[in-house]
Student: 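Just passing along the structure, written as structure tokens.
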Amino acid sequence: MSELRDLYQDIILEHSKRPRNYRTLEVANRKAEGFNPLCGDHFTIYVEVGDGQIRDISFQGSGCAISKASASMMTQAVKGKRTEEAEELFQKFHHVVTGKNGTESIELGKLAAFAGVSEYPVRVKCATLAWHALRAALRGDQHAVSTE
Amino acid sequence: MTTAANTAFRPQTATRTDFDVYKVRADFPILARKIHGKPLVYLDNAATTQKPQPVIDAMVRYYTAENSNIHRGVHTLSELATESYEQSRATVQRFLNAAEAREIVFVRGTTEGINLVAQTWGRANIGRGDEILISAMEHHSNIVPWQILCEQQGANLRVAPVNDAGELLLGEFEKLLGAKTKLVAMAHVSNALGTVNPVRKIVEAAHRFDARVLLDGAQAIPHLAVDVRAIDCDFYVFSGHKVYAPTGIGILYGKAELLEAMPPYQGGGDMISSVTFEKTLYNRLPHKFEAGTPHVSGTIGLGAALEYVKSMGIESIARHEKQILAYGTKRLREIPGLRLIGTARQKEGILSFVLEGVHPHDVGTILDQEGIAIRTGHHCAQPLMERFGVPATARASLALYNTMEEMDALANGLQKVREVFA
């Protein structure tokens, strides 16, 4: 059970049950879908970008606890950030969930809760799905992002 | 026909009357291993089954003592390999009760078998405006090859619906049959639900309209006695690895007169009788459809696997699995918030379910920590998931070596899942 708790930390379970910014965004000027054909996880990320800054962000869709909590916590982490800062954060997050962890988990704050994912290689895609969709949205990519 | 080399790796064929699951388990070496420090509870048999020692031994024996290419050699090893290869075909013929060995074509698996029929029989017999009728519970491998064929030929795909229990609506199916229907392609047993389709009735109804019938037997072959002549289907396909044989080998059964009339699938060696640059004559059945060096060791493993199943007795296996399924169903129904997907009256070996408030993927990860292997996802049946309004399910699937205790382990594991997500 202790190992499982490394993956399913309380903050992750809490966000999966009560996701934040879980809605459509009327004023969004960027939007992208993330899709994991392996397990059917499917999210849409809505972003309002102005002057290079993420003014607002939301998401909707369905997926496992890891993917939903990750999307929820991502929206909180990047709201108000500049787009290049969000990109940087994704790279650090990616390092942490794939186990290439340097000092990055310290800089990640709450997102460091996802470090346990690195012990479950098949779940890395769940943790990064929303981030991939965000990147696609910021780059103006209209196609749905697939993890496969 | 029998040589020392061949009898050595054939298991005893006497049917065991008393089915002792613990004795059976000892035949499967992998079942002794542990996962995350817990005994392996393998419940992903609809994806692939584990292999018994006689199958492993048969393949080791082939590579140790007989390895050679088949059909063209005059030397001893080639003759031995050819004989083993053709003996396996005869074993499959008997297992399916096919009329002739030449009606048994070795393919890579169910998927290749279906694609073969689509691209040979289908291209020759399906025209503009014709219809292919499938069901809502098909695996992608029994949907996509027909979609490709329909696009190529300007034909239309029709889909017979299922009820809330996951049973084919036979009346609706019959209404969809008509003069335009050229082919009915349907699962014998659904991989996502376990539903057993009334194949005899399906074939009778289709034949009244002169439509041909292909049955996807991938999930039926390890659980049911299949008699292709009694069913009277035109094609029957299955994969070896779902019935204790290795991956990469499968069977297409076709009625001889249909296979005879079909153009070849792939061109190459072995499928010809003579080649000049002006004209090539194709080989006789079944070699016409077996271009190139086949998966010889796979066919030998398949032969050994079917002999193994026969030695257990498919009826004994079915009886045992029914008990496990009934007990597993009872245990899962006790779990609050658990909804079984697929509750057909005629059902084999599958417990597909969703747990309220927990995504199947998380169920799978937590059970894995308990040593329990199940599958989660859409099971290559996305249209069916849509029909039941779920993006995915968790699926425990049974084989002859599963036990009551394993159903308890599954139920206890699911209680743990509920605790984590409480």
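We name chains A, B, ... by the order of the sequence lines, and we start the count at 1 in each one.
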Student: A quick test of your reading: do over 12 heavy atoms of other residues, nucleotides or ligands sit less than 6.0 Å from CZ of R331(B)?
Tutor: yes

Student: Do other residues, nucleotides or ligands put more than 12 heavy atoms under 6.0 Å from the CD atom of E356(B)?
Tutor: no

Student: Please indicate whether E26(A) has more than 12 foreign heavy atoms, meaning atoms of other residues, nucleotides or ligands, lying under 6.0 Å from its CD.
Tutor: no

Student: Rounded to the nearest 0.5 Å, how far does OG1 of T365(B) lie from CG of L4(A)?
Tutor: 8.5 Å

Student: Ignoring hydrogens and geometry, is there a side-chain-to-backbone donor-acceptor pair from D362(B) to A65(A) under 3.5 Å?
Tutor: yes

Student: For a quick test of reading the model, state the closest non-hydrogen atom pair linking E419(B) to R5(A) and the distance between them.
Tutor: O-NH2, 4.3 Å

Student: Testing the basics here: between R123(A) and H361(B), what is the closest heavy-atom pair and its distance to 0.1 Å?
Tutor: NH1-O, 3.4 Å

Student: Return yes when atom CD of E334(B) has more than 12 non-hydrogen atoms of other residues, nucleotides or ligands closer than 6.0 Å, and no otherwise.
Tutor: yes

Student: How long is the straight-line distance from OH of Y8(A) back to CD of Q369(B), given to the nearest 0.5 Å?
Tutor: 9.0 Å

Student: Quiz question: by atom type and distance under 3.5 Å, do the side chains of D41(A) and H359(B) form a donor-acceptor pair?
Tutor: yes

Student: Heavy-atom count check: over 12 atoms from other residues, nucleotides or ligands less than 6.0 Å from Q152(B) CD?
Tutor: yes

Student: Please check if atom NZ in K110(A) has more than 12 non-hydrogen atoms from other residues, nucleotides or ligands closer than 6.0 Å.
Tutor: no

Student: Could you look at K17(A) and say if it's the side chain, the backbone, both or neither that has a heavy atom under 4.5 Å from chain B?
Tutor: side chain

